[in-house]
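Working notes for the structure below.
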Amino acid sequence: MDNFLAARSQMGLSLAFHIVFSCIGMVMPFFMAVAHYKWLKTNREVYRNVTKAWSKGVAIFFATGAVSGTVLSFELGLLWPKFMQHAGPIFGMPFSLEGVAFFVEAIALGFFLYGWDKFNKWFHWFTGVIIGVSGLVSGILVVSANAWMNSPAGFDYVNGQYTNIDPIKAMFNSAWFSQALHMSIAAFAATGFAVAGVHALMILKKRNIRFHTEAFKIAVLFGIIAAILQPFSGDISAKFVAKSQPAKLAAMEALYKTQTHAPLLIGGMPDDKTQTVRYGLELPGMLSFMIYEDADKEVKGLDAIQPQYQPPVAVTHYAFQVMVGLGVIMFLMAVMYLVALIKKRSWLSTHWLLKLFVAAIPAGFIAVEAGWVVTEVGRQPWIINGVLLTKDSVTPMPGIAYTFYLFTAIYISLSIVVIFLLYRQIKMVPALYDVQQGLAADR
Amino acid sequence: MMCSRGLLQTDKFFYMQYVVVIFLCLSIVLYFLLGGADFGAGIIEMFTSKKNRSKTRRISYHAIGPIWEANHMWLVIAIVILFVGFPSIYATMSTYLHIPLLCMLLGIIARGTAFVFRSYDAVKDEMQWWYNRIFRYSSFITPFFLGIIAASVISGKIDDNAGNFLDAYVFSWLNWFSVAVGCFTVTLSGYLAAIYLIGEANDEDGRNRFINKATWMNIAAVFFGAVVFLAAWANGVPLPKWVFGHVPGVLAVTAAFASLSLLWWCVKKGHDGIIRVLAGFQVVMILFCVGYSRFPYFIALKSGHDISLLQNFADAGTIQTLGWALLLGSLIILPALGYLLYSFQKKTNVIEV
Ligand code: HDD
Ligand code: HEM
Ligand code: HEM
């Protein structure tokens with residue numbers, strides 16, 4: 001494997017791994033806080049058990065998220081030294097603030113995990129909320145750094161020099177809002193669906209039904225609200241991408257030719273050689289309409305981009321299809337559940353509905369990964385859009401392929417261990433938290 | 001930029017430069033201290049007989065558990081300050097010290113996950129054997145490579161004109177001096193942890209065990225300290241000049257040694273709070289005497305050209321905002337961290353999680 005490809009793969013792999021843990025680390029504290037609140041208000045044992053069970057999951061995810069995040073902060077330099085040398089001072093602002101947010105999060109985590117029964121119960125609850133808030137803030141901050149790579153701002157680039165640096169402007173670059181919004185909602189949707197699905201599975205298996213029902217109810221509510229909002233936020237993102245990164249949009253839609261009445265493409269296999277798409281369903285004029293609210297407007301195709309600056313079309317297009325497809329499915333499920341909830345339909349707790357949620361466990365996370373592939377691969381060949389090429393910033397050290405294999409092996413084994421640990425936590429739920437036994441164990 | 005504004009900015013820039021440098025030094029020192037003590041807990045566990053291990057483990061878990069995440073944040077802060085504020089230094093380090101940085105990362109991954117896995121595995125079975133083993137070995141590897149990295153930064157073996165792989169990426173860090181500093185860092189970490197844990201033991205037996213560990217770690221640290229000087233001589237690193245070549249350095253070394261006897265006296269008397277401060281003081285003095293003579297140079301290159309902190313700042317605008325971010329951030333972090341430390345200090349509060 002050549003060095004450059006290995007570096008890209010290692011970066012992508014590490015990020016793809018980290019994002020799962022950071023989504024959960026950002027969102028679970030909010031679920032926990034709700035369960036915790038209910039416990040403090042109602043004194044019903046089951047809520048305390050849900051909170052405690054979740055907090056153990058969070059500790060596992062948090063630690064894995066923290067180490068993989070630490071790895072990333074090194075990897076940026078290890079793999080892309082020239083990029084960091086130029087970009088660090090410009091987009092470093094969100095990273096420095098993120099450092100602060102992480103610190104707050106780590107401190108709050110110490111209070112929360114080790115502070116049961118030690119502090120005023122509302123102070124203890126509050127530290128749990130702080131974990132969530134600072135996690136969310138740090139997520140937004142990193143995404144703003146990434147947004148800067150997509151739409152660089154806050155500096156002048158003259159003769160290969162970066163001058164007039166304004167880190168605040170760089171942080172609030174034009175892409176940050178749409179990306180941060182979309183990412184935050186995505187984290188809630190993905191985690192909500194995954195957690196709800198796992199508890200639905202346990203209900204179906206008739207394990208400690210009361211416990212899992214309460215847990216399901218909390219998680220699913222977050223999940224469906226986010227899933228309903230997500231397509232709207234995705235629409236904002238797409239409109240923005242069309243304006244600021246026409247090459248990415250063209251690759252997402254596999255739009256080879258600039259045209260008015262541009263069609264929205266559903267499915268299809270793009271073929272770079274013939275510059276055509278096979279087997280796709282084209283909705284004429286829809287793309288122009290969705291972007292400009294006017295079907296007559298022209299949308300730039302790949303032919304408007306010099307060939308050496310075109311991103312890979314097929315990967316970007318497929319990834320986009322996967323994300324949107326899953327987004328639509330999650331949206332429909334959410335609407336259905338919401339209607340049932342409001343109308344208090346009896347099929348709320350029927351098996352097929354629970355089974356549907358079980359099937360959707362990985363949906364949100366697959367969409368998150370696919371979305372990031374769209375963003376990152378769609379930006380290629382640029383690492384800083386329009387300013388610095390990815391290949392010009394890769395480390396000169398040879399042999400990155402080996403570190404890539406090493407990290408692949410590590411991430412695979414870590415994933416296996418984490419899944420194994422969660423499986424054990426969940427399996428132990430009846431023993432640890434069964435209502436009667438739980439009381440006995442408290443003595 | 002207008003002229004008058006430009007002047008004002010340089011003026012502010014001047015102060016902010018120092019704010020950033022101070023925070024950089026502070027986070028590096030704190031990482032050595034807090035991260036070091038944290039690694040040390042694993043090292044101590046390694047040198048504990050089988051029958052006492054689970055006891056040691058429990059005590060150190062309660063001692064470091066709550067501040068565990070926070071201890072490691074100092075590293076992240078140092079890295080962020082480096083890449084935001086000193087991009088060329090960061091780029092040089094991450095290019096030529098790629099391999100030891102990678103090894104340290106592997107240690108961090110293994111250690112962080114093993115620590116949490118062993119306390120949060122719902123079933124306690126033979127998997128624990130693996131977690132413990134991984135935790136102990138990685139507690140050893142991580143400070144070892146931290147020491148190697150620190151030594152390589154100052155030893156002047158980084159060759160930015162190297163023509164081949166070995167010279168550029170291996171001999172930049174692989175030499176006797178670096179390895180000796182690596183071992184020295186490991187023993188210092190063990191020493192810090194043992195001293196810290198003396199105050200955490202809840203019976204006479206445990207206390208004596210940690211005192212015994214601290215004694216051995218102290219002896220080992222002095223031994224490896226001497227080895228570091230030998231290795232420096234073998235590799236042509238002017239270490240004696242850096243340490244003894246100026247009055248503050250001599251004073252620092254003397255103070256560190258003098259405080260050793262005070263420390264052991266306090267151990268006898270049972271002043272557990274004071275001994276922690278003294279052990280920390282000794283490590284800070286060691287870092288200080290090298291840091292003082294090297295300042296403002298951060299990286300020494302083989303070509304003889306030293307990379308200075310003060311000449312490799314990022315743009316003024318960046319330093320401004322970085323400085324403010326650090327100042328405001330520490331307003332939030334330091335009180336919270338202090339309260340965390342204070343709250344979990346009282347060992348009587350130990351409860352099972
Ligand atoms: C639960 C996950 C999830 C779901 C259901 C969706 N997305 Fe998404 N999408 C993401 C998760 C995500 C993401 C992983 O979070 C990305 C990657 C970068 C980012 O900011 O968000 C993303 C990026 C992303 C981008 C690229 C933004 C950029 O490069 O700046 C667009 C245009 C969309 N999305 C559009 C949509 C649309 C129209 C959806 C309709 C249903 C949709 N997304 C559902
Ligand atoms: C966590 C979610 C993310 C995922 C899953 C992700 C995924 C990827 C993938 C797949 C690549 C390889 C693209 C290619 O070379 O074709 C990549 C590259 C890269 N990403 Fe991301 N990314 C994420 C977020 C970020 C963030 C927040 C940043 C920086 C602030 C970032 C910085 C980079 C850099 C520097 C590269 C290498 C250069 C490049 O290929 O452009 N990524 N990422
Ligand atoms: C290049 C990109 C990234 C870098 C350098 C990075 C760096 C880090 C670091 C150093 C940590 C450890 C902090 C701790 O100990 O608490 C961490 C954790 C975390 N990261 Fe990332 N990160 C990146 C991408 C992302 C993305 C894309 C997100 C979310 C959208 C994210 C969200 C988080 C969150 C919420 C945590 C807290 C730990 C947890 O809850 O599991 N990070 N990251």
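Sequence lines set the chain letters: A, B, ... in the order given, protein chains first and strands last, and positions in each chain run from 1.
Side-chain N/O atoms of A/T51 and A/H36 include no donor and acceptor closer than 3.5 Å. Side chains of A/S138 and A/E98: no donor on one and acceptor on the other come within 3.5 Å.
Both the backbone and the side chain of B/I333 come within contact range of chain A, judged by heavy atoms closer than 4.5 Å. Both the backbone and the side chain of B/I109 come within contact range of chain A, each with at least one heavy atom under 4.5 Å from a heavy atom of that chain. For chain B, no part of A/F112 is nearby; none of its heavy atoms comes within less than 4.5 Å. At a 4.5 Å heavy-atom cutoff, the contact between B/Y131 and chain A is made by side-chain atoms alone. Only the side chain of A/L406 comes within contact range of chain B, with at least one heavy atom under 4.5 Å from a heavy atom of that chain. In this structure, chain A has no heavy atom under 4.5 Å from any part of B/L326. Contacts between B/V80 and chain A at a heavy-atom distance below 4.5 Å involve the side chain alone, from C-beta outward.
In terms of heavy-atom pairs under 4.5 angstrom with chain B, the leader among A/V417, A/T403, A/L422, A/V418 is A/V417. For the set B/Y90, B/F117, B/Y169, the count of heavy-atom pairs under 4.5 angstrom toward chain A peaks at B/Y169. Listed options B/I77, B/L82, B/V84 were ranked by heavy-atom pairs under 4.5 angstrom with chain A; first place goes to B/V84.
Heavy-atom neighbours of A/Y402 OH from other residues, nucleotides or ligands within 6.0 Å: at or below the threshold of 12.
When side chains are defined from C-beta on, B/W173 does not count as touching B/I149, because their heavy atoms never get closer than 4.5 Å. Residues B/Q320 and B/W324 meet the side-chain proximity criterion, which asks for heavy atoms closer than 4.5 Å. Annotation: side chain of B/I81 is in contact with side chain of B/V20 (closest heavy-atom distance under 4.5 Å).
Panel note: side chain B/S94, backbone A/G77; a donor-acceptor pair is recorded below 3.5 Å.
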